[in-house]
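Here the structure comes first, spelled out in structure tokens, and everything after it is commentary.
In each ligand, atom 1 is the first atom listed, and ligand 1 is the first ligand listed.
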Amino acid sequence: MKHACVIGWPVEHSRSPLLHGYWLKKYGIDGTYTKRAVAPEAVAGFLQSLRANGYVGCNVTVPHKAAAFSAADEREDSAKAVSAANTLWLSDGKLVAANTDTYGYMTNLSQQAPGWDRRDAPVSILGAGGAARAIVFGFLDAGVSEIRVFNRTRARAETLAQQFGSCVKVFDWSQREAGSRDSAVLVNTTTIGMNGAGTLDLDLAGFDPECVVSDIVYVPLETELLRKAKSQGLRTVDGVGMLLHQGVPGFEKWFGVRPEVTDELRNLIVGDIEGG
Ligand code: ATR
């Protein structure tokens, strides 16, 4: 039997066991996927003895993504781009690290908002943390020629831009409305709106009608930003799809089956979110 897990501190909130548990059952795989609360001082040791502990790999959530990146023997480009890993697996005795947030975000965007790249328009990103880096990497890979980054702490956006090169342009946080109206996609990668806390304070009235508005926050499912976008008639993409799709590569590495993201699975996770 194969075993995988998600490590975090705390880890109780993770919906990954529900996601992977659904796939294990659906594909009749003899395996388990559990939550492991691992304290920061214990992460390096836990990952070193991952195999000895009986695991074929794991997911990594806050605050261990940078530690997981450091602990790996090999790192895929997806992890190098973000200097953080959320998915680890053993390959010929080596611990390999990837960051599947880029894949998860971009796959979901293309499924939920096909043609988002129809116009030769910039993409606007709110935030400059780890999630923003993963998403900037995805848009660059998709061939977007101008990515605008708006962050409260401008220096963090500057650091991000230096890493990714001249396609990434830095703006002040106060410019987030005026500077993103002509975008093909507007993405919120900040934690604003999570669990209903805080407000983005962004009026979408003058936005290009083809702009796709997306939020990586998925609790609540419909954030204030997405609600406003819908009321303006803009296309929206919520954060649950990214959560579902980011799980696909890890499951395939650990259990040997590439799982499908279906409406039934989405409904299961949405039900769990809405049930609190
Ligand atoms: P992650 O790695 O998950 O992206 P993070 O590194 O903690 O998380 O980044 C959180 C993002 O939300 C940052 O861009 C942060 O802005 P700062 O770099 O200025 O901290 C942004 N953020 C969080 N709360 C915010 C708020 N009240 N107003 C504006 N931005 C906020």
Looking at [X] and [Y], does any basic side-chain N land under 4.0 Å from a carboxylate oxygen?
X	Y	answer
K94	E74	yes
D203	K228	no
K169	E146	no

Subject >> Proximal protein residues to ligand 1, non-hydrogen atoms under 4.0 angstrom >> reply: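 Contacting ligand 1 under 4.0 Å are G127, A128, G129, G130, A131, N151, R152, T153, R156, W173, T190, T191, I192.
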Original post:
Under 30°, 30 to 60°, or over 60°: which ring-plane class applies to W23 and H20, parallel, tilted or perpendicular?
Top reply: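 If you compare the ring of W23 with that of H20, the planes turn out perpendicular.
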Original post:
Is the Y103 ring parallel, tilted or perpendicular to the H245 ring (thresholds 30°, 60°)?
Top reply: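 Taking H245 first and then Y103, their aromatic rings stand perpendicular (interplane angle over 60°).
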Original post:
Side chains of I7 and Y55: closer than 4.5 Å at any heavy-atom pair?
Top reply: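 Of all side-chain heavy-atom pairs linking Y55 with I7, none is under 4.5 Å.
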